[in-house]
Amino acid sequence: MAQKINHAAVLPAAGKDLEIVTLPVPTPGPADVLIRSHVIAVNPIDRVRQLFDLMVPSYPRVLGSDTTGVVEAVGSDVTAFKAGDRVVAVTDGFIFGDNGRESYQTYTVAQAATTAKLPDSVPFVKGSTISLAIMTAASIIFDGFKFQVPGSEASAEAKALPAAGVGPIIALWGGSSSVGSMTIQLATSLGFSVYTTASPQHHARLQRLGADVVVDYASPEAAVEQLLAAAAKAGKQILYAVDTVNDAKKSTPFLEQVLLKSATSAASSSTEGTLVYISMLPKYEWKSGLKPQFVNSADVWKRRTDIGAWLFGSGNLTRWLADGTFEPPIARVVPGGLGGLQSALNQVKGGVHGEKLVVEVE
Ligand SMILES: NC(=O)c1ccc[n+]([C@@H]2O[C@H](COP(=O)([O-])OP(=O)(O)OC[C@H]3O[C@@H](n4cnc5c(N)ncnc54)[C@H](OP(=O)(O)O)[C@@H]3O)[C@@H](O)[C@H]2O)c1
């Protein structure tokens, strides 16, 4: 049998470029799968970790949390997967500190709980961009806004999902981001209306994905007024807002205005709006009259395993990929295999537009 060689792109020290080395093939624990990666996606957090020593317990460090490939081996407790299965997964190394559980390498370990089968009809490249983005979108709705996970028991903490035809509005800044495009699709499939901002090149696609209203953010002040006018025309108060841009100057204050002005103009304005944000905003002074709520999708491995179970364990994600219910973020392949990851990270720093950068592992 051919020997397995694990090539890895490692960060030698904070702020340095990645280097390709050979590392031992990681060993899956009882609840894990070992994946031979075929396509790896790059996320903005990877670049932040590279530059700012964030969630890097020691060097050299492997980065990365999205992978797509074939199961090589499974842990003793895993029954849902077997060697040879095509899968997508989110890895948890950035939370638990283990290099073997980061995705920028040929072989990586992921929890079975955040792994899903990839249908044969979906190419690895296409499937590679969905895992972290949909896990975050689900965290926004179920952990941020505290709506009930479908199929779960009613509880005092969780609000019922919208009744048919009601369509509560979610105002979403940055609808063309990976998390934004998955939030549009997931939220509208669950009965919400999504009003979002994006540059004009993305408008038609976001409408096709389900957004009810899409406005340009070139003038954020004008975007606020357009979102409010659309809500007024629909006769609804905007009670939910999501910030995927998380910029204290360019996005967050404008979503605050959306919630606060919508409350003032609505006929019954007794309820405080919730603004979910997904990157830390150091020293941001929140206006009163709304509820800011930080969401970290990593909680899916800790407090909110029910969200992971609904997406991955239930087979929902596999079914949605098979029948095309959800369109993954658009993948753009950066050439060079693992060696292309540094170029991809450089491009992420400059900003990507409506796509996610991925590399193919030789
Ligand atoms: N907390 C968590 O669990 C979690 C999980 C995943 C990601 N995140 C964070 O969430 C953020 C989004 O991640 P992502 O992967 O979805 O990002 P992404 O896809 O790389 O975002 C790029 C998009 O942002 C849009 N954008 C940039 N500035 C904008 C502005 N001022 N207004 C509206 N849209 C703007 C761009 O639109 P145009 O093309 O129109 O310019 C572009 O399409 C990142 O900060 C990431 O670190 C957090």
Side-chain angles (χ1 to χ4, degrees), residues 41-52 54-55 63-66 90-92 94-95 114 128-144 171-186 195-206 209 211 214-224 226-227 241-255 258 276-281 292-304 307-308 328-332 344-345 347-358:
V42 171
N43 287 289
I45 187 70
D46 305 343
R47 183 61 176 169
V48 174
R49 293 177 72 200
Q50 177 176 37
L51 292 180
F52 303 113
L54 182 76
M55 294 185 286
L63 304 172
S65 47
D66 266 328
V90 193
T91 63
D92 61 13
F94 69 112
I95 297 304
T114 51
S128 66
T129 57
I130 200 166
S131 298
L132 181 66
I134 198 164
M135 194 162 115
T136 310
S139 299
I140 287 167
I141 294 166
F142 304 127
D143 199 38
L172 167 68
W173 212 276
S176 68
S177 65
S178 290
V179 174
S181 72
M182 293 317 306
T183 303
I184 290 169
Q185 296 177 79
L186 188 60
Y195 291 16
T196 192
T197 66
S199 52
Q201 59 178 324
H202 307 303
H203 285 197
R205 183 171 69 94
L206 300 187
L209 296 182
V214 189
V215 303
D216 191 1
Y217 66 83
S219 162
E221 294 81 4
V224 168
Q226 288 167 319
L227 296 177
V242 181
D243 191 355
T244 68
V245 178
N246 308 286
D247 188 306
K249 291 199 168 63
K250 295 181 181 165
S251 60
T252 317
F254 298 104
L255 277 176
V258 167
V276 165
Y277 61 108
I278 57 175
S279 287
M280 285 299 183
L281 292 161
Q293 178 70 52
F294 178 66
V295 158
N296 186 354
S297 58
D299 284 339
V300 168
W301 289 295
K302 301 173 186 169
R303 286 182 308 111
R304 296 307 307 262
I307 296 175
I330 296 165
R332 173 158 64 87
L345 287 166
Q347 293 177 59
V348 164
K349 185 173 175 236
V352 296
H353 298 278
E355 59 187 8
K356 195 182 266 297
L357 304 184
V358 306

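Each ligand, and each atom within it, is numbered from 1 in the order the structure gives. Everything numeric here is computed off the predicted structure, so don't read it as measured data. We're numbering straight along the sequence, starting at 1.
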Engineer: Would you indicate which of Ala223, Ser176, Ser139 comes nearest to atom 36 (C) of ligand 1 when only heavy atoms are counted?
Structural biologist: Ser176
Engineer: Is a side-chain donor or acceptor of Thr197 paired with a backbone partner of Gly174 at a separation under 3.5 angstrom?
Structural biologist: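 A pair under 3.5 Å: yes.
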Engineer: I need the contact type for Asp247 against ligand 1. Using non-hydrogen atoms and a strict under-4.0 Å cut-off, is it side chain, backbone, both or neither?
Structural biologist: neither
Engineer: Quick one: pull up CG in Leu281 and CD1 in Ile278 and give me the separation to the nearest 0.5 Å.
Structural biologist: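 The distance works out to 10.5 Å.
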Engineer: If I apply the N/O under 3.5 Å rule, does Gly354 come out as touching ligand 1?
Structural biologist: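 Checking ligand 1 against Gly354, an N or O pair does fall under 3.5 Å apart.
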Engineer: Indicate yes or no: at least one non-hydrogen side-chain atom of His353 is less than 4.5 angstrom from one of His202.
Structural biologist: yes
Engineer: Check whether any N or O atom of Thr197, backbone or side chain, sits under 3.5 Å from an N or O atom of ligand 1, and answer yes or no.
Structural biologist: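 Between Thr197 and ligand 1 (N or O atoms, distance only) the closest approach is not under 3.5 Å.
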Engineer: So for ligand 1, is Ser178 a polar contact partner (N or O within less than 3.5 Å, distance only)?
Structural biologist: yes
Engineer: Step by step, would you call Ile140 with Leu186 a side chain to side chain contact (heavy atoms under 4.5 Å, CB included)?
Structural biologist: CA-CA 10 Å; Ile140 287 167; Leu186 188 60; over 6 Å; no
Engineer: Heavy-atom distance under 4.5 Å between the side chains of Ile45 and Leu54, does that happen here?
Structural biologist: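 Side chain of Ile45 against side chain of Leu54, heavy atoms only: contact under 4.5 Å found.
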Engineer: Identify which of Pro220, Pro44, Ala137 has a heavy atom lying nearest to atom 47 (O) of ligand 1.
Structural biologist: Pro44
Engineer: State, yes or no, whether a side-chain contact exists between Met135 and Ile307 at a heavy-atom distance under 4.5 Å.
Structural biologist: no
Engineer: Just which atoms of ligand 1 are under 4.0 Å from any heavy atom in Ser199?
Structural biologist: 38 (P), 39 (O), 40 (O), 41 (O)
Engineer: Regarding ligand 1, does Ser279 bring an N or O atom to under 3.5 Å of one of the ligand's N or O atoms?
Structural biologist: yes
Engineer: Do Tyr277 and Thr252 have side-chain heavy atoms sitting under 4.5 Å apart?
Structural biologist: no
Engineer: State, to 0.1 Å, how close Gly180 and Leu172 come at their nearest heavy-atom pair, and which atoms those are.
Structural biologist: O-CD2, 3.6 Å
Engineer: Measuring from Ser177:OG to Ile184:CD1, what's the distance to the nearest 0.5 Å?
Structural biologist: 8.0 Å
Engineer: Quick test: of every protein heavy atom, which one is nearest to atom 6 (C) of ligand 1, and how far off is it to 0.1 Å?
Structural biologist: Thr136 OG1, 3.5 Å
Engineer: Which protein heavy atom lies closest to atom 30 (C) of ligand 1, and at what distance to 0.1 Å?
Structural biologist: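 Result: Tyr217 CE1, 3.4 Å.
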Engineer: Out of all atoms in ligand 1, which are within 4.0 Å of some heavy atom of Val179? Include the element for each.
Structural biologist: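 Listed by number with element: 6 (C), 7 (C), 16 (O).
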Engineer: Can any side-chain N or O of Thr129 pair as donor or acceptor with the backbone N or O of Pro329 at less than 3.5 Å?
Structural biologist: yes
Engineer: Backbone or side chain, does any N or O of Val245 fall under 3.5 Å from an N or O of ligand 1?
Structural biologist: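 By distance alone, the answer is no.
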Engineer: Students should be able to answer this: which protein heavy-atom is nearest to atom 11 (C) of ligand 1, and at what distance?
Structural biologist: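 The answer is Thr244 O, 3.3 Å.
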Engineer: Mind checking whether Val352 has a heavy atom under 4.0 Å from ligand 1?
Structural biologist: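 Yes, that is the case, since the closest heavy atom of the residue is under 4.0 Å from the ligand.
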Engineer: Under 4.0 Å from any heavy atom of Gly174, which atoms of ligand 1 are there?
Structural biologist: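 Listed by number with element: 33 (C), 34 (N).
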Engineer: How about Asp247 and Trp173: do any of their side-chain heavy atoms sit closer than 4.5 Å?
Structural biologist: no
Engineer: Considering only heavy atoms of His202, which atoms of ligand 1 have at least one such atom less than 4.0 Å away?
Structural biologist: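 Heavy-atom distances to His202 below 4.0 Å select 38 (P), 39 (O), 40 (O).
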Engineer: What part of Asn296 sits under 4.0 Å from ligand 1 if we count only heavy atoms: the side chain, the backbone, both or neither?
Structural biologist: both
Engineer: In Å, rounded to the nearest 0.5 Å, how long is the span from OG1 of Thr196 to OH of Tyr217?
Structural biologist: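 The OG1 atom of Thr196 sits 11.0 Å away from the OH atom of Tyr217.
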Engineer: Pairs of nitrogen or oxygen atoms closer than 3.5 Å, one from Asn43 and one from ligand 1: do any exist?
Structural biologist: no
Engineer: Could you tell me, atom by atom, which parts of ligand 1 come under 4.0 Å of a heavy atom of Trp173?
Structural biologist: 32 (N), 33 (C)
Engineer: I need the contact type for Ser177 against ligand 1. Using non-hydrogen atoms and a strict under-4.0 Å cut-off, is it side chain, backbone, both or neither?
Structural biologist: both
Engineer: Has ligand 1 got any nitrogen or oxygen that is less than 3.5 angstrom from a nitrogen or oxygen of Gly180?
Structural biologist: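 Not met; the criterion fails.
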Engineer: Tell me, do Val358 and Asp66 make a side-chain contact under 4.5 Å, heavy atoms counted?
Structural biologist: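 Side-chain contact under 4.5 Å: no.
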Engineer: Quick one: does ligand 1 sit under 4.0 Å from the side chain of Ile278, the backbone, both or neither, non-hydrogen atoms only?
Structural biologist: both
